[in-house]
Amino acid sequence: MSLDAWNLAADLGLEVREHRGTHRSGYAPDANYIELTPGMRGRVLRGVMFHEIGHHVLGHRPTEFGLIRKRQEHAANLWAAHQLITPASYAEAEHIRDGHLTGMAIELNVPDELVRVFQQSLLRTELATYVRPRMGAGMFSHRVEVH
């Protein structure tokens, strides 16, 4: 994995731990550490690291409420996707891999799920594709003209 996730975690004061045995990855807000499931590598590890860093950046706290937990998970995935995928790199991967999800994920060096989340943040019209559209004129992160 590239050092980008490790450096970002260190810059944010997060310790990264990996222990033997079976467990699920997670973020411990009170102790400022990310725990990784053993054996993860490559694009999956990169995606999980950015997802867990997203929980930290977004100020998420553990909760027993399923709906809130689901929203936090989606928000952390969305944050990770937009840190790791740019509109230009997505467009290039979509063109090269002809829209094949796993092929695009490999091209972008991210897990399939982050490509799916990035795709869901797009609004495609006849004239343009908008990244993270919101209500109001000019309310989007990025716009790509359709040719």
Side-chain angles (χ1 to χ4, degrees), residues 1-125 128-135 139-144 146:
M1 176 173 79
S2 63
L3 291 178
D4 55 351
W6 298 100
N7 289 340
L8 180 56
D11 289 347
L12 293 170
L14 294 170
E15 178 187 351
V16 179
R17 302 176 180 176
E18 181 182 61
H19 298 288
R20 290 186 181 179
T22 58
H23 65 272
R24 295 172 43 147
S25 298
Y27 164 62
D30 294 326
N32 275 346
Y33 71 83
I34 293 171
E35 193 159 62
L36 299 174
T37 301
M40 285 191 304
R41 300 288 178 258
R43 62 190 179 99
V44 172
L45 176 57
R46 184 171 185 244
V48 168
M49 282 283 292
F50 270 85
H51 171 91
E52 299 304 340
I53 290 169
H55 283 303
H56 175 76
V57 169
L58 297 170
H60 292 164
R61 307 291 303 168
T63 179
E64 296 300 315
F65 296 103
L67 182 59
I68 294 172
R69 188 170 44 251
K70 185 176 178 179
R71 286 181 183 168
Q72 287 180 345
E73 291 303 314
H74 177 73
N77 272 340
L78 186 60
W79 186 89
H82 281 275
Q83 297 307 303
L84 295 171
I85 304 170
T86 66
S89 66
Y90 176 83
E92 182 178 351
E94 186 177 58
H95 176 74
I96 291 169
R97 300 297 182 136
D98 200 28
H100 182 264
L101 183 79
T102 299
M104 292 168 53
I106 291 168
E107 189 74 28
L108 294 163
N109 193 27
V110 298
D112 293 13
E113 177 64 17
L114 293 188
V115 174
R116 192 173 4 266
V117 168
F118 190 86
Q119 287 175 330
Q120 292 169 352
S121 75
L122 301 176
L123 170 66
R124 294 177 190 250
T125 68
T129 297
Y130 298 90
V131 179
R132 299 181 91 170
R134 296 176 294 283
M135 295 297 290
M139 297 296 292
F140 49 85
S141 298
H142 187 79
R143 180 178 184 212
V144 179
V146 175

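Hydrogens, waters and symmetry mates are skipped; everything else that's a heavy atom, side chains included, is used.
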* Asked: Who are the ring pair (Phe, Tyr, Trp, His ring centres under 6.0 Å) partners of F118, not counting sequence neighbours?
  ->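 Ring pair (Phe, Tyr, Trp, His ring centres under 6.0 Å) check on F118 returns H82, Y90.
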
* Do L108 and R43 come within less than 4.5 Å of each other through their side chains, counting heavy atoms only? ->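 No, their side chains stay 4.5 Å or more apart.
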
* To do: Decide, yes or no, whether a salt bridge links E113 with R116 under the criterion of side-chain N to carboxylate O below 4.0 Å.
  =>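 Salt bridge present between E113 and R116.
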
Nearest heavy-atom neighbours spanning [X] and [Y]:
X	Y	answer
L114	G47	CD1-CA, 3.9 Å
I53	I34	CG1-CD1, 3.7 Å
P111	V44	CG-CA, 4.0 Å
A9	M49	CB-CE, 4.3 Å
H60	H55	ND1-ND1, 2.8 Å
A75	L58	O-CD1, 3.6 Å

* Asked: Is atom CG of D11 surrounded by more than 12 heavy atoms (other residues, nucleotides or ligands) closer than 6.0 Å?
  ->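 Counting other residues, nucleotides and ligands, CG of D11 exceeds 12 neighbours.
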
* Would you indicate whether E92, at its atom CD, is surrounded by more than 12 heavy atoms from other residues, nucleotides or ligands within a distance under 6.0 Å? =>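 It does not: E92 CD has 12 such atoms or fewer within range.
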
Using only atom types and a distance under 3.5 Å, with no angle test, would you say the side chain of [X] pairs donor to acceptor with the backbone of [Y]?
X	Y	result
E15	Y33	no
R97	E107	no
Q72	R61	yes

* To do: Please round to the nearest 0.5 Å and tell me the distance separating atom CG of N32 and atom CG of D30.
  =>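 Atom-to-atom, N32:CG and D30:CG are 8.5 Å apart.
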
* Distance, nearest 0.5 Å, that separates CZ of R46 from CE of M40 ->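 Here the rounded value is 14.0 Å.
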
* Begin with the C-alpha distance, continue with both residues' side-chain angles, and end with the deciding distance and a verdict on side-chain contact (heavy atoms from CB on, under 4.5 Å) for F50 and L45. => CA-CA 9 Å; F50 270 85; L45 176 57; over 6 Å; no

* Pair H51-E73, side-chain donor/acceptor within less than 3.5 Å ->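 There is such a pair between these side chains.
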
